[in-house]
Amino acid sequence: MSLEQYKDVWAYCVREGDSLTRPSLEILAAARKVADKIGQKAVAVILGHGLDRVVENAIAHGADAVVYADEPWLEKYQCLPYTRVLCEMAEKMKPYAFLFVADELGRDLSPRVAYRLNTGLATDNIDLAVEDYYFGPTNTTYRNILAQIRPDFATRVAKIYTPRHRPQMASIRPGNFEPLRRDPSRRGELIRFRPTPVEEDFKVKILEEAIQRKSQIDLEGADIIISLGMGILRDGEGNPRNPREAFTLVSEILELIRRNYGLKGEIGATRALIYSELKELEGLITSERQVGQTGRTVAPQIYIAVGISGAVQHKVGMIKSKKIVAINSDRDAPIFELAHYAIKDDLYKVLPRLRSLLAEG
Ligand code: FAD
């Protein structure tokens, strides 16, 4: 089987009511971007039951085609039948690339599908590109390969290629692509699969369902986020400070901003601060506030980084913020490279001043 036979960019989409979840719309936009670069189709792949309106909405949101299975036994997500059906679809239709959302469901499903299709999987991408890839040992250039872009485990952004296997599979973190605007006049092809259930698929049974309590900390819905980093542990002279002081200061600042400007604020944090498990911040700075590669991806109107160095793993979670303000006492801190407004000073001087200015109105 030659690699050229593999065509089109698939996005595995999850329904929400009559449409798709926001992260699914985002990966459909990612599929559109790649498909346009290689002159092929963006395809939404959907499993479930009662999908008539859902498939129409997928076309309206940018899919050229929808490959789907609409069966009562596929109504609820179950990893075994979903994996089998997706693999059957991919084996038959041979996509060039297959994208998933890097969320709980995508993290369960995508490695199973990749393993069974005998291909690779690059997880937690923040962007995708199409490039030629040169493989030195065999002196071969592979044309139009998917470059899967994600932070590496150290300090850089890495590109991952799967030149010799298909489909090229990637999961994409929510918050990195903007969904395409709904256009009900778009037309597309609907390709319905009619898989048969297999007893083996139902070895795992759903015994009970419980609705998970939604976090009270709504970083994604905030207009302004003030994030705290390890810098809050010492003042500009290097004297130890109670980190609770910085937390109280930013809480008061956010309350004044809410009162003065009607903006909804939240407190974020770096992983380093959260992992420090400081007793002064117990119950206040928890993993729900983590911004970054292994935390949340946010894009508020204003992001204020307080005592944060700007490591790549933090940066990828906040770089899409509309305006970035950085307060850091080190003029060489990498965070200043992304900041629209740079305040090079001791945060324990800047925050009280900001609070007074806001209190004056
Ligand atoms: P530091 O790097 O220690 O920076 C503290 C900053 O405060 C310094 O720049 C210093 O100049 C400044 N400062 C000190 N005192 C003051 C003062 N008085 N006033 C003003 N400025 C001051 N990190 C994340 O945030 N999110 C993630 O999701 C994440 N995921 C990761 C995943 C992996 C696989 C790995 C390996 C790492 C991950 N990290 C993540 C950790 C990341 O690499 C950094 O270690 C972390 O972001 C650094 O946090 P920080 O900026 O708070 O601390």
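Whatever order the structure lists them in is the order used to number ligands and atoms, beginning at 1.
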Note: V291, heavy atoms under 4.0 Å from ligand 1, region reported as backbone
Q: Salt-bridge test for E26 and R22: reply yes if a basic N is under 4.0 Å from a carboxylate O, no otherwise.
A: yes
Counting from 1 in the order shown, the ligand 1 atoms closer than 4.0 Å to a non-hydrogen atom of A311 are 42 (C), 43 (O), 44 (C), 47 (O)
* To do: Flag the pair E337 and K315 as a salt bridge only when some basic side-chain nitrogen lies within less than 4.0 angstrom of an acidic carboxylate oxygen.
  => no
Neighbour count >12 (heavy atoms, 6.0 Å) for atom CZ, F202: yes
Min over Q293, Q290, R234, K344 of heavy-atom distance to atom 18 (N) of ligand 1 lands on R234
Around atom CZ of R244, are there more than 12 heavy atoms from other residues, nucleotides or ligands closer than 6.0 Å? no
Any donor-acceptor pair under 3.5 Å linking the side-chain atoms of D223 with those of Y261?
no
Ligand 1 atoms nearer than 4.0 angstrom to some heavy atom of G295 are 28 (O)
Going by the 4.0 angstrom heavy-atom rule, the piece of S309 near ligand 1 is both
Within a reach of under 6.0 Å around CZ of R192, are more than 12 heavy atoms found that belong to other residues, nucleotides or ligands?
-> yes
Q. Considering distance alone, does some N or O of Y348 sit under 3.5 Å from an N or O of ligand 1?
A. no
Ranking D235, T270, D345 by closest non-hydrogen atom to atom 50 (P) of ligand 1, top hit is T270
Ligand 1 atoms nearer than 4.0 angstrom to some heavy atom of N328 are 6 (C), 7 (O), 8 (C), 9 (O), 10 (C), 11 (O), 12 (C), 20 (C), 21 (N)
The option among A269, A272, G231 carrying the non-hydrogen atom nearest to atom 15 (N) of ligand 1 is G231
For G292, the atoms of ligand 1 under 4.0 Å from one of its heavy atoms are 26 (N), 27 (C), 28 (O)
Going by distance only, is there an N or O of G307 that falls short of 3.5 Å from an N or O of ligand 1?
yes
For Y6 and Q168, does a side-chain donor sit closer than 3.5 Å to a side-chain acceptor?
no
Mutual orientation of the aromatic rings belonging to W10 and F98 [parallel < 30°, tilted 30-60°, perpendicular > 60°] | perpendicular
| task | Please check if the side chain of K322 supplies one atom and the backbone of A299 the other of a donor-acceptor pair under 3.5 Å. | result | yes
query: Does even one non-hydrogen atom of G236 get within less than 4.0 Å of ligand 1?
result: yes
One finds that the ligand 1 atoms under 4.0 Å from a non-hydrogen atom of G229 are 52 (O)
Less than 6.0 angstrom from the centroid, inside 45 degrees of the normal: does R15 satisfy that with respect to the ring of Y68? no
| Mind checking whether L273 has a heavy atom under 4.0 Å from ligand 1? | no
N or O pair under 3.5 Å between M230 and ligand 1: yes
A student checking ligand 1 against D346 at a 4.0 Å heavy-atom cut-off should list atoms 17 (C), 18 (N), 19 (N)
Closest to atom 23 (N) of ligand 1 by heavy-atom distance, out of K315, R331, R271, M318, is R271
